[in-house]
Amino acid sequence: MEEKRKPLANTCSFSGIRPIMTDLPYPPIQVDGKNQVYADLLSVDYCGAVSELSAITQYINNENRLSCENCSMAKTLLGIAVAEMMHLQKLGELIVLLGGNIDFTVKQRNGRRKMWTPEYLEIPENAGRMLMADIEAEKAAIRQYEMHIKMIDDRCVDAVLERIIQDEEYHIMLLRTLMQEIH
């Protein structure tokens, strides 16, 4: 007689997950005028190696791998991923307003295009390394946004990037707190 095995299930409930971000409003999504150079710069933030698309994918991957063993941490990572989705959406709107296209490619100065790839992701094996990779990715995003703010002379676009930086700084603080909890 064959023994019945109990099915494996993830008991971590993700209902009600909200974006984890600072409690400050975003500036209006508008631009001073069309500018393809600025749209191309924002395409890097949208879907480059250091980008919102990469962040979303990395957070979701980490959340999936942690949800069975650390539900609380997985929920935090999913909440951060949802905030990154909002950043992606706002960048997409800015790119379109600036006259660019959303096609998951970075437009380089030499006219070449590079499509987003999961090769951009770092996928460590344990929770501590996952959190460190997430912290480093957030720091890299902040540096990139700061560089783009210096290159973009559009007060509307810069205001949105500055507001996104505030969320990224908040994410670093939360990730560091999670690191302390596992050590």
Side-chain angles (χ1 to χ4, degrees), residues 17-63 76-123 130 132-175:
I17 293 291
R18 296 189 163 299
I20 295 179
M21 53 203 317
T22 59
D23 191 21
L24 298 168
Y26 270 84
I29 305 300
Q30 57 191 23
V31 300
D32 287 339
K34 290 194 181 292
N35 188 314
Q36 189 62 52
V37 172
Y38 296 168
D40 291 350
L41 275 175
L42 293 183
S43 75
V44 174
D45 300 318
Y46 188 85
C47 64
V50 175
S51 69
E52 298 299 336
L53 186 58
S54 293
I56 292 163
T57 308
Q58 186 164 305
Y59 279 119
I60 294 293
N61 181 278
N62 291 347
E63 171 270 315
T76 300
L77 295 181
L78 184 57
I80 293 172
V82 174
E84 304 295 1
M85 288 178 207
M86 294 178 73
H87 298 164
L88 184 78
Q89 188 274 333
K90 290 176 186 322
L91 289 171
E93 283 188 43
L94 289 172
I95 290 167
V96 170
L97 288 171
L98 289 165
N101 292 316
I102 303 300
D103 57 6
F104 299 101
T105 61
V106 170
K107 287 73 172 180
Q108 299 169 332
R109 287 187 182 168
N110 60 9
R112 290 183 135 165
R113 297 169 159 244
K114 178 143 174 76
M115 183 164 265
W116 184 87
T117 173
E119 292 174 5
Y120 293 152
L121 306 179
E122 188 168 331
I123 305 178
M130 286 179 202
M132 279 308 302
D134 292 340
I135 290 169
E136 291 308 311
E138 294 284 3
K139 288 179 180 179
I142 291 169
R143 285 190 301 272
Q144 184 168 285
Y145 281 127
E146 289 171 341
M147 180 179 67
H148 288 171
I149 289 168
K150 289 177 185 169
M151 298 169 76
I152 294 173
D153 185 23
D154 182 317
R155 59 188 167 71
C156 300
V157 173
D158 290 344
V160 174
L161 298 183
E162 288 166 358
R163 175 59 186 81
I164 290 173
I165 288 172
Q166 291 176 313
D167 286 341
E168 308 300 21
E169 290 170 339
Y170 184 56
H171 296 161
I172 291 171
M173 188 267 309
L174 290 172
L175 293 165

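Excluded from the calculations below are hydrogen atoms, water molecules and symmetry mates; all remaining heavy atoms, backbone and side chain alike, are included. Computed from a predicted structure; not experimentally measured.
Between Ile95 atom CD1 and Leu91 atom CG the span is 6.0 Å, to the nearest 0.5 Å. Once rounded to the nearest 0.5 Å, the distance linking CG of Leu78 with CZ of Arg18 reads 13.0 Å. Residue Gln89 holds its CD atom at 11.5 Å from CD of Glu52, rounded to the nearest 0.5 Å. One finds the CG atom of Asp40 at 9.5 Å from the CG atom of Asn101 (value rounded to the nearest 0.5 Å). Of the inter-residue distances, the one linking Leu175 atom CG with Ile80 atom CD1 reads 4.5 Å to the nearest 0.5 angstrom. The distance from atom CG of Asp45 to atom CD of Gln144, rounded to the nearest 0.5 Å, is 4.5 Å.
Summarising the geometry of Cys47 relative to Leu53, their closest heavy-atom pair is CB-CD2, 4.0 Å, with the distance given to 0.1 Å. In this structure, Ser51 and Val44 approach most closely via the heavy-atom pair CB-O, 3.4 Å. In this structure, Ala83 and Ile20 approach most closely via the heavy-atom pair CB-O, 3.2 Å. Across all their heavy atoms, Lys34 and Val96 have their closest contact at NZ-O, 4.3 Å.
Side chains of Leu77 and Met130 form no contact here, defined as non-hydrogen atoms less than 4.5 Å apart. With a 4.5 Å cut-off on side-chain heavy atoms, Leu88 and Ile56 count as touching. Residues Arg163 and Lys90 form no side-chain contact, since every pair of their non-hydrogen atoms from C-beta on lies 4.5 Å or further apart.
For Tyr120, the OH atom counts as densely surrounded, since its 6.0 Å shell holds more than 12 non-hydrogen atoms of other residues, nucleotides or ligands. By the neighbour-count criterion of 12 heavy atoms within 6.0 Å, atom CG of Asn110 is densely surrounded, having more than that number from other residues, nucleotides or ligands.
Formation of a donor-acceptor pair under 3.5 Å by the Asp154 side chain with backbone atoms of Asp32 is found in this model. With hydrogens and angles disregarded, no donor-acceptor distance shorter than 3.5 Å links the side chain of Ser54 to the backbone of Val50. The closest donor-acceptor contact from the side chain of Tyr38 to the backbone of Gly99 lies at 3.5 Å or more, if one exists at all.
Under the 3.5 Å distance criterion, with hydrogens and angles disregarded, a donor-acceptor pair is assigned to the side chains of Tyr26 and Asp167.
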*List the steps and the verdict of side-chain contact (heavy atoms from CB on, under 4.5 Å) for Ile29 and Leu94.*
CA-CA 7 Å; Ile29 305 300; Leu94 289 172; 3.8 Å; yes
_Full working for side-chain contact (heavy atoms from CB on, under 4.5 Å) between Ile152 and Leu42_ = CA-CA 10 Å; Ile152 294 173; Leu42 293 183; 4.1 Å; yes
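Sorted by first then second residue, the salt bridge (Lys or Arg N to Asp or Glu O under 4.0 Å) pairs that include residues 97-106, not counting sequence neighbours, are Asp103-Lys107, Asp103-Arg113.
With sequence neighbours left out, Phe104 forms a ring-ring contact (aromatic ring centres under 6.0 Å, His included) with Tyr46.
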Acceptor/donor pairs from residues 133-141 side chains to any protein atom, 3.5 angstrom cut, sequence neighbours excluded:
{"unit_1": "Asp134", "atom_1": "OD1", "unit_2": "Gln58", "atom_2": "NE2", "d": "2.9"}
{"unit_1": "Asp134", "atom_1": "OD1", "unit_2": "Asn62", "atom_2": "ND2", "d": "3.2"}
{"unit_1": "Asp134", "atom_1": "OD2", "unit_2": "Asn62", "atom_2": "ND2", "d": "3.2"}
{"unit_1": "Glu138", "atom_1": "OE2", "unit_2": "Tyr59", "atom_2": "OH", "d": "2.6"}
{"unit_1": "Glu138", "atom_1": "OE2", "unit_2": "His171", "atom_2": "ND1", "d": "3.2"}

